[in-house]
Number of protein chains: 2
Amino acid sequence: MQLDETDRRILRALQRNSKRTSTEIAAEIGLSQTPYLRRVRRLEEGGAIDRYVAILNPAALGLGMTIFTRIWLTGQDGRSVDAFAAAVRKMPEVVECHLMAGDCDFLLRVVVADIASYRHFQAHHLTRLPGVQSVKTEIPMQQIKASTEIPV
Amino acid sequence: MQLDETDRRILRALQRNSKRTSTEIAAEIGLSQTPYLRRVRRLEEGGAIDRYVAILNPAALGLGMTIFTRIWLTGQDGRSVDAFAAAVRKMPEVVECHLMAGDCDFLLRVVVADIASYRHFQAHHLTRLPGVQSVKTEIPMQQIKASTEIPV
DNA sequence: AGTGAAAATTGGGCTGC
DNA sequence: GCAGCCCAATTTTCACT
């Protein structure tokens, strides 16, 4: 998909705030509504824009704690990895999961209310998944940055 | 902020898709538009809903690579940490940054086009920040899950 | 032919009952 | 919860490059 600087300006604006009116964003980037909306449509249909969502405030909802969890499986074959991936995708507490190169483990970002709920989640859900050999947790002291914007 | 199950249903729906009409979401959770919109307003003003954004598709935009970078500073005093935090917040490639407990380093999630751009970013931007002692990168082989939804 | 502006129609969000 | 108003979004048509 080919993008010019105007397309990127649109994407940057919508990444920051998708609730502004099209008139307003169009004016800001020096376009009128029609060509602006044509471009937005094209970006949506071309897959550049995946979806529109509400971003919640975890702290305000009592979900102030993020934990990074590293998991090693007993086997690294495709079936074990796929089974683990499928299980993790169903867990709402697991917000992110990456299969890492090198050590060949998983890195998870887990969102919970507090340490106690994390302990329960790890003991009763995470370690009970098929093929989990060992689990190591890393705890952030402070969230420095948490953006949903990518550098387009 | 006190939430009942209806509020949580609203939050879950808006986290998944914020572009559906209020009539549609209201009907799904068994409410009519007016009380639904009253609740949404309350959730916005109470800070439970932080913002509405477009989520882009990194792969479709040629930003298919996520890198985790771990950074140690020469000093862990407040001034060093704050200076580093401020610098990192200005870098669009750094999507997430956490000050970690224990080893007392930073964990960054960096979004780039490919390894070459990451090498450039690390050599010319990251390692030139004040107080950076050492940098270690971890590379995901596969994105298993990447959600913007928290478990309300 | 492709892009931008203007106008008209539709339909959702909001405010009175 | 319902009805009407208002405004934004969309679509069509027109003008320009």
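Below, chain A is the first sequence line, B the second, and so on; all start at residue 1. These numbers were taken from a predicted model, which means no experiment stands behind them.
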| For the pair made of CD in E44(A) and P in dT10(D), what is the distance, rounded to whole Å? | 8 Å
| task | Round to a whole Å and report the spacing from CZ of R20(B) to P of dG11(C). | result | 19 Å
| task | May I ask you to check whether F84(B) and F106(B) place their ring centres under 6.0 Å from each other? | result | yes
| task | Specify whether F121(B) and Y118(B) have parallel, tilted or perpendicular ring planes, treating 30° as the upper limit for parallel and 60° as the lower limit for perpendicular. | result | tilted
| query | More 5' along DNA chain D: R38(A) or S22(A), using each one's nearest nucleotide? | reply | S22(A)
| field | Atom pair distance, as rounded to whole Å: OH in Y36(A) and C1' in dT3(C) | value | 17 Å
| task | Determine the contact category for L37(A): base if any of its heavy atoms lies under 4.0 Å from a base atom, sugar-phosphate if only primed atoms, P, OP1 or OP2 are that close, otherwise nothing. | result | base
| Atom CD of Q33(A) and atom C1' of dG4(C): how far apart are they, to the nearest Å? | 11 Å
| field | Step-by-step side chain to side chain donor-acceptor pair (under 3.5 Å) determination, E28(A) to Y36(A) | value | CA-CA 11 Å; E28(A) 180 181 281; Y36(A) 166 77; over 6 Å; no
| message | Any non-hydrogen side-chain atom of V112(A) less than 4.5 Å from a side-chain atom of H120(A)? | response | no
| message | Need one value for T21(B): base, sugar-phosphate or nothing, where a base atom within 4.0 Å counts as base even if backbone is also close, heavy atoms only. | response | sugar-phosphate
| request: Using a heavy-atom cut-off of under 4.0 Å over every strand shown, decide if R41(A) touches base, sugar-phosphate, or nothing. | output: sugar-phosphate
| note | L14(A) CG to dA9(D) P, in whole Å, measures 11 Å
| Nucleotide dG12(C), atom P - distance to NZ of K19(B) in whole Å | 14 Å
| said: Base, sugar-phosphate or nothing for T34(A)? Non-hydrogen atoms, less than 4.0 Å. | reply: base
| When the distance from CG of L31(A) to C1' of dA6(C) is rounded to whole Å, what number comes out? | 15 Å
